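Remember, predicted model here, so these are calculated numbers, not experimental data.
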Amino acid sequence: MDLKLRRTGTALTLVGLLFLATACNGDDTAGNPGASAPATTSGAVATVATASPPNASLYGTDAAYSTLLEPGKIVQSTKGPYLQTKIAAGDISKKFNLSIVDKDVLGYWSPDAITEAQVFLADFFIRELADSPLNGGGETTDQWWARNEPLMTEIEKPGVFDNLKVINEDGTSKSLPEQGLWQSKPEYAGFTYNYSKETPRVDAVKLVPTRVFLDNNKCVAGTYEAKYRMPYVMGEKSGFTMVSGTIGLSTCKGDDGSWLLNGHQSTTTSTSSGMK
């Protein structure tokens, strides 16, 4: 049978995807908390960019994966270098779309600030959740943590770190980043992602924002329909590992004005074709 594993993760107790959060710095251009929404001319629904990103031939053209991708940096891992995937600047996951923004958000954050938050969350998703060296064991959890701890608020850190090394007997995990921990099981001996420094490991993505709202401390939160795939080989077998589900991420501004991951919630399922 094809592999099918479920991965759930939450750093917090959530009700209706409301994120607990640390106090964060608001956007000065958006007015004071409780103020009416500022006037804006950015209300048009964002359209999908049609221009092909650089080296688009490296990425899948399946209609089920609509996110615009381009080559990122070459990442060194214990399993060899690989071309990390990057979400292109013109993709809808990085665009302000008034139709999915709760009205009260504009009382605290300007369209420009919301866009900045969306860019941070989309980049963090692809770089550190879906396509980090930790996925497949190319680095240790301690290495992943050292790189990403500075990108999180204090309330987010404990839940993320505690769950990095946990996988349950039924295959479920609360790990925030994708790890592919099931690959260590004997029945998957020889399994490896099919990538190189010229070819990406994640070759197709669908990251579609479905809602932008305020978390409990008036910081920017978003929910996404997410799906991505990775080519693999295992002896004479080959196919794709696909991860799909729903993801919620929250971000606040730190004291220095940079965006920080503040909360997360996800329910995803991993499946692999070709494992007959």
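In this structure, Y65 OH and M242 CE are separated by 5.5 Å, a value rounded to the nearest 0.5 Å. The distance from atom OG1 of T241 to atom CD of E178, rounded to the nearest 0.5 Å, is 8.5 Å. Atoms OH and OG, on Y224 and S266 in that order, are 13.5 Å from each other to the nearest 0.5 Å. Separation of atoms OG (S270) and CD (Q179) is listed at 11.5 Å; rounding is to 0.5 Å. Interatomic distance, Y59 OH to E70 CD, rounded to the nearest 0.5 Å: 7.5 Å. Rounding to the nearest 0.5 angstrom, the gap separating the CG atom in L129 from the OH atom in Y228 is 7.5 Å.
Between F240 and Y232, the distance separating the two ring centers is not shorter than 6.0 angstrom.
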Residues R211, D102; criterion side-chain contact (heavy atoms from CB on, under 4.5 Å); working and verdict: CA-CA 7 Å; R211 182 188 173 201; D102 285 8; 2.7 Å; yes
CA sep, side-chain torsions, deciding dist, call: K94, D123, salt bridge (Lys or Arg N to Asp or Glu O under 4.0 Å): CA-CA 9 Å; K94 296 183 173 183; D123 286 342; 2.6 Å; yes
Candidate pair N262 and I155, rule side-chain contact (heavy atoms from CB on, under 4.5 Å), full reasoning: CA-CA 7 Å; N262 190 68; I155 196 71; 3.7 Å; yes
Chi angles and distances behind the side-chain contact (heavy atoms from CB on, under 4.5 Å) call for L121, L261: CA-CA 8 Å; L121 293 176; L261 188 68; 4.1 Å; yes
side-chain contact (heavy atoms from CB on, under 4.5 Å) between F125 and V205, intermediate numbers included: CA-CA 11 Å; F125 163 80; V205 176; 4.3 Å; yes
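Although no hydrogens or angles enter the test, the distance criterion places a donor-acceptor pair under 3.5 Å between the side chain of Q84 and the main chain of R127. In this structure, T115 contributes its side chain and K95 its backbone to no donor-acceptor pair below 3.5 Å. Using a distance-only test at 3.5 Å, with no hydrogens or angles considered, a donor-acceptor pair links the side chain of D215 to the main chain of K218. Panel note: side chain T251, backbone L260; a donor-acceptor pair is recorded below 3.5 Å. Panel note: side chain E149, backbone A146; no donor-acceptor pair is recorded below 3.5 Å. Within the 3.5 Å criterion, the main-chain N or O of G254 finds no donor-acceptor partner in the side chain of S258. Side chain of T85 to main chain of V202: a donor-acceptor pair is present (N/O by atom type, distance under 3.5 Å, no hydrogens or angles).
The shortest distance between side-chain heavy atoms of T246 and T223 does not fall below 4.5 Å. Using a 4.5 Å cut-off on side-chain heavy atoms (C-beta onward), V105 and I114 make contact. Taking the side chain as every heavy atom from C-beta outward, S66 and D91 never approach each other to under 4.5 Å. Side-chain contact between P111 and L98: absent, with no pair of heavy atoms (C-beta onward) separated by less than 4.5 Å. You'll find the side chain of V243 stays beyond 4.5 Å of the side chain of T269, heavy atoms only. At least one side-chain heavy atom of I100 sits less than 4.5 Å from a side-chain heavy atom of P209. Residues W109 and L214 are in side-chain contact: their nearest non-hydrogen atoms beyond the backbone lie under 4.5 Å apart. At least one side-chain heavy atom of E156 sits less than 4.5 Å from a side-chain heavy atom of L176.
Between L134 and P177 the shortest heavy-atom distance is CD2-CG, 3.7 Å. Taking both residues in full, the closest heavy atoms of I87 and A122 are given as CD1-O, 3.7 Å, listed atom of the first, atom of the second, then distance. Of all non-hydrogen atoms in V160 and M152, the two that sit nearest each other are CG1-CE, 3.9 Å. The two atoms that bring A113 and W259 nearest to each other are O-CZ2, 3.4 Å, heavy atoms only.
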Which donor-acceptor pairs under 3.5 Å do the side chains of residues 71-78 make with protein atoms, sequence neighbours left out?
residue : atom : partner : partner atom : Å
S77     : OG   : K79     : N            : 3.2
S77     : OG   : G80     : N            : 3.4
S77     : OG   : G80     : O            : 2.7
T78     : OG1  : G137    : O            : 3.3
T78     : OG1  : G138    : O            : 3.2

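No chain of hydrophobic side-chain contacts below 4.5 Å, direct or via other Ile, Leu, Val, Met, Phe, Trp or Tyr residues, connects V119 to L249.
For the pair K197 and Y82, the cation-pi criterion (under 6.0 Å, within 45° of the ring axis) is not fulfilled.
Partners of D162 by salt bridge (charged side-chain N to carboxylate O under 4.0 Å, His left out), not counting sequence neighbours: none found.
Between the side chains of S110 and D112, no donor N or O sits under 3.5 Å from an acceptor N or O. For the residue pair N97 and S99, a side-chain donor N or O sits within less than 3.5 Å of a side-chain acceptor on the partner.
Sorted by first and then second residue, the pairs that involve residues 128-138 and meet side chain to side chain donor-acceptor pair (under 3.5 Å), not counting sequence neighbours, are E128-W144, E128-R147, E128-N148, D131-R201, N135-Y193.
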